[in-house]
Amino acid sequence: MNVNIYKSSEECNSRLAEYLIKEYLCKDKNIAISGGSTPIGLFTEILNQIDKKFEIKSNFFWVDERCVDPSSVDSNFGSANKHFFSKVNVSNNNIFRIRGEEKPEIEASNYTELLKTKTETIKNIPSLDLCLLGIGGDGHTASIFPHELKKLSDKSDCVVGINPDSGQKRVSLSIKQINNSKEVIFHVCGSGKKDVVDMIISKRENYLDLPASHILPNSKNLSWYLDFDSAETFMDT
Ligand code: 6PG
């Protein structure tokens, strides 16, 4: 496991952007991205480092999607499209959003089938080249929340999660699916995450109650991109 810590979120985003451009965006690779606010700073840094002519060759999938219309402000696809896809040279044929407007259970099944057709399988499970994950302050990742720990052992490739605060349903890759990726990166910035980051990396206290602690890729290829704020507790221990 590689833990990369940078003095600011800007530097963290810049270095992760550099890596993604070099290893993924210019290649025919399958990447699953997360939603929330952290990826927005990363999108900005990628845009800063590529020119308009740069052709993005990778295919984009989602780690999870809120069960809303893509035009909703809550939509992870909508956010990525606004801040990234609408500004770069990438074909729509390379973008495979989770259809948040469909019935959650139906879309979970449909997305599983899509992954099977678009990605290679390892041990008969679809295998993405990279999953880019965030972590919530409660230790959730993707849309696997602490109040739904039973979902950790779900054998499906895609599951339906429920945000405990809003009750909003989400379609999410399962932990099993994420752990079958060739590479997994946690991209975490901000002091609000400093305690869960330390609990997970240091395997402290009740860390197994945090879904993000169960991200253990079979490939063993797991990295963290952190800023000082999110790594503060970890650096102090
Ligand atoms: C989502 C994400 C979720 C996110 C974390 C961190 O749909 O919200 O996939 O898992 O990565 O909640 O969110 P922030 O980047 O906004 O802190």
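Atoms considered below: every heavy atom in the structure, side chains included; atoms not considered: hydrogens, waters and symmetry mates. First listed ligand is number 1; within each ligand, the first listed atom is number 1.
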Donor-acceptor contacts under 3.5 Å from residues 54-61 side chains, at least two apart:
residue: N59; atom: ND2; partner: D28; partner atom: OD1; Å: 3.3
residue: N59; atom: ND2; partner: N30; partner atom: OD1; Å: 3.0

(Q) Assess the residue pair Y24 and E183 against the criterion (side-chain hydrogen bond (donor to acceptor under 3.5 Å, both in side chains)); give the C-alpha distance rounded to whole Å, side-chain angles, the decisive distance to 0.1 Å, and a yes or no. (A) CA-CA 11 Å; Y24 289 95; E183 178 172 17; 2.4 Å; yes
**Q.** Test side-chain hydrogen bond (donor to acceptor under 3.5 Å, both in side chains) applied to S72 and E101, step by step
**A.** CA-CA 10 Å; S72 163; E101 66 274 31; over 6 Å; no
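E23 pairs by the salt bridge (charged side-chain N to carboxylate O under 4.0 Å, His left out) definition with K27, not counting sequence neighbours. The salt bridge (charged side-chain N to carboxylate O under 4.0 Å, His left out) search around D64 returns R170, not counting sequence neighbours.
Near ligand 1, S34, G35, G36, S37, T38, D64, R66, N76, G134, I135, G136, H140, A142, R170, K193 each place a heavy atom less than 4.0 angstrom from the ligand.
Considering L42, D227, D229 as possible partners of C189, the one that fulfils the side chain to side chain contact (heavy atoms under 4.5 Å, CB included) test is D227.
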